Amino acid sequence: MSRQHLVAVAAVGAASVSAAVGIRYLLKRQAAIARRRIGKPLGEQSIDADRVWRRALEGDPVQLLVLGDSVAAGLGAERRKETLGGRLAKGMARRLRRPVRLRTAAVVGAESPDLADQLAGLPDGYAPHVAVIVVGGNDVTHRLPIVVSTQHLRDSIVQLRRRGAEVVVGTCPDLGALRPVPQPLRRLISSVSRRLAEAQAETARSAGATPIDLRRAVGPMFFDDPDAMFSLDRFHPSPLGYRRTAEVLLPAVCVAAETALSSRRQPVPR
């Protein structure tokens, strides 16, 4: 290789490194802007919606467990019946004609690795009929590797299946709908959230769970009408956003409940 060629290669390499550093600086700066714009106007505590829903219906309550992040916890809802868990419990009770006992283990700000602690915090012997997992948004914003996210998701599904539960996974929403996040960071997190959602769906299926693609099912609604679909922080769903999200999850959740009720597997000893 000639000296001139070596100099040219070195120059290209230096330019690439400089560009990469510049991009990282730009994205870090935009992330800070997004955090300032969003803030925490909703606080960090979601509404407690755990209870037996439609208690007057006949039969033993169907046990519904909700795990995951702030979306699963219902941050942004104004009343407990507007949370994701509350809407799912009401919808299940109406369709199955049985009361539904909701238990929410989801935590605001949780990432996929936090699912293990949520499961560990459940009472000994607790065996839900159906478990719903919605997680991934914080994995994207905190740059957690997809392989790490999906491994923790798989482990959680396996544990839930051992408890005798049927599992429904709402995959990562499209974070490109977050208007407070400036470009090009918004395009980047949109791409990452899409890849994570695809990996979550594959992981869920291989582990025996049912994935629901929230990006395709409700993502366009958040893009088309963000004022109505997002809460006042423009990051978490509004009551309408939770309603639309619950509507796309509910059919799979009811099928899972019927499967669990008709052929209840005994929990595997831990």
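These numbers were taken from a predicted model, which means no experiment stands behind them.
Of the residues listed (L88, T210, V218, V169), the one engaging L249 in a side chain to side chain contact (heavy atoms under 4.5 Å, CB included) is L88, and it is the only one. Applying side chain to side chain contact (heavy atoms under 4.5 Å, CB included) to V66 and the options L102, V253, V168 leaves one that passes, L102.
Hydrophobic clustering keeps V52 apart from L64 (ILVMFWY residues linked when any side-chain heavy atoms are closer than 4.5 Å, directly or through intermediates). Put simply, V248 and L250 are part of the same group of oily side chains (I, L, V, M, F, W, Y) that touch within less than 4.5 Å, one to the next. Residues V71 and V107 do not share a hydrophobic cluster, defined by chaining ILVMFWY side chains whose heavy atoms lie under 4.5 Å apart. Under the 4.5 Å side-chain heavy-atom criterion for Ile, Leu, Val, Met, Phe, Trp and Tyr, I47 and L65 are members of distinct hydrophobic clusters. In the hydrophobic cluster analysis, where Ile, Leu, Val, Met, Phe, Trp and Tyr join through side-chain heavy atoms closer than 4.5 angstrom, L185 is grouped together with V140.
The main-chain N or O of A228 is found under 3.5 Å from a side-chain atom of S238 such that the two form a donor-acceptor pair. In this structure a side-chain-to-backbone donor-acceptor pair under 3.5 Å is missing from Q63 to V100. Under the 3.5 Å distance criterion, the side-chain polar atoms of Y242 are matched with a main-chain donor or acceptor of L75.
To the nearest 0.5 Å, the span separating CG on L96 from CG on L261 amounts to 7.0 Å. Note that CG of L67 and CG of L153 are 10.5 Å apart. Values are rounded to the nearest 0.5 Å. Taking CG of D139 as the start and CD1 of I146 as the end, the distance is 9.5 Å to the nearest 0.5 Å. Atom CG of L119 and atom CD1 of I157 lie 10.5 Å apart (nearest 0.5 Å). Considering CD of E198 and OG of S193, their distance stands at 10.0 Å, rounded to 0.5 Å. To the nearest 0.5 Å, the span separating CG on L84 from OG1 on T104 amounts to 8.5 Å.
With a 6.0 Å cutoff to the six-membered ring centre and a 45° limit on the axis angle, R51 counts as a cation-pi contact of W53. Cation-pi geometry between R163 and Y126 is not met: the NZ or CZ atom fails to fall both under 6.0 Å from the ring centre and inside 45° of the normal.
Here S190 pairs with D174 under the side-chain hydrogen bond (donor to acceptor under 3.5 Å, both in side chains) rule; sequence neighbours left out. Residues satisfying the side-chain hydrogen bond (donor to acceptor under 3.5 Å, both in side chains) test with R79, not counting sequence neighbours, are E82. Looking at residues two or more places apart in sequence or on another chain, you find no salt bridge (Lys or Arg N to Asp or Glu O under 4.0 Å) involving D114. R205 is linked by a salt bridge (Lys or Arg N to Asp or Glu O under 4.0 Å) to nothing, counting only residues two or more places apart in sequence or in another chain. Applying the side-chain hydrogen bond (donor to acceptor under 3.5 Å, both in side chains) criterion to E247, with sequence neighbours excluded, gives R243, R244. Legend: residues meeting side-chain hydrogen bond (donor to acceptor under 3.5 Å, both in side chains) with R101, ordered by chain and number and at least two apart, are absent. Applying the salt bridge (Lys or Arg N to Asp or Glu O under 4.0 Å) criterion to R95, with sequence neighbours excluded, gives no partner residue.
For the residue pair S231 / H236, no side-chain donor-acceptor distance below 3.5 Å is found, with atom types taken as modelled. In summary, the side chains of E166 and H129 do not present any donor paired with an acceptor at a separation below 3.5 Å, with no hydrogens or angles considered. Side chains of T83 and R87: a donor-acceptor N/O pair is absent below 3.5 angstrom, by distance only.
Contact of the P211 side chain with the E202 side chain is not registered, since no non-hydrogen atoms from C-beta on lie closer than 4.5 Å. S149 is not listed as a side-chain neighbour of Q200, based on a closest heavy-atom distance of 4.5 Å or more. In this structure, R80 and D48 have side chains that are not in contact, with every pair of non-hydrogen atoms separated by 4.5 Å or more. Residues M92 and V62 meet the side-chain proximity criterion, which asks for heavy atoms closer than 4.5 Å.
Here the closest non-hydrogen pair linking T245 and G241 is OG1-O, 2.8 Å. A pairwise comparison of heavy atoms in G59 and P99 identifies O-CG, 3.3 Å as the closest pair. Heavy-atom minimum distance, S156 versus A116: OG-N, 4.4 Å. Closest non-hydrogen pair, P220 versus R215, comes out as CD-O, 3.5 Å. Counting all heavy atoms, side chain and backbone alike, R98 lies closest to D60 at NH2-O, 2.7 Å. Across all their heavy atoms, A73 and V108 have their closest contact at CB-CG2, 4.3 Å.
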Item to complete: Could you go through the side chain to side chain contact (heavy atoms under 4.5 Å, CB included) check for R154 and S206 one step at a time?
Response: CA-CA 9 Å; R154 179 184 298 278; S206 66; 3.0 Å; yes
Worksheet entry | Chi angles and distances behind the side-chain hydrogen bond (donor to acceptor under 3.5 Å, both in side chains) call for Q151, D155 | CA-CA 6 Å; Q151 184 58 56; D155 292 345; 2.9 Å; yes
Worksheet entry | CA sep, side-chain torsions, deciding dist, call: R187, S191, side-chain hydrogen bond (donor to acceptor under 3.5 Å, both in side chains) | CA-CA 6 Å; R187 284 194 295 272; S191 175; over 6 Å; no
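Listed by first and then second residue, the ring-ring contact (aromatic ring centres under 6.0 Å, His included) pairs that reach into residues 187-207 come to none, sequence neighbours excluded. Among residues at least two apart or in separate chains, ring-ring contact (aromatic ring centres under 6.0 Å, His included) pairs with a member in residues 194-223 are F222-F230. Sorted by first and then second residue, the ring-ring contact (aromatic ring centres under 6.0 Å, His included) pairs with a member in residues 179-201 form an empty list; sequence neighbours excluded.
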Just distance, no hydrogens or angles: give the donor-acceptor pairs under 3.5 Å from side chains in residues 130-138, sequence neighbours left out.
residue : atom : partner : partner atom : Å
N138    : ND2  : A110    : O            : 2.8

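Surrounding NZ of K90 are more than 12 heavy atoms belonging to other residues, nucleotides or ligands, all under 6.0 Å away.
Cluster partners of L144, by chain and number: V147, V148. The rule joins Ile, Leu, Val, Met, Phe, Trp and Tyr whenever side-chain heavy atoms lie under 4.5 Å apart.
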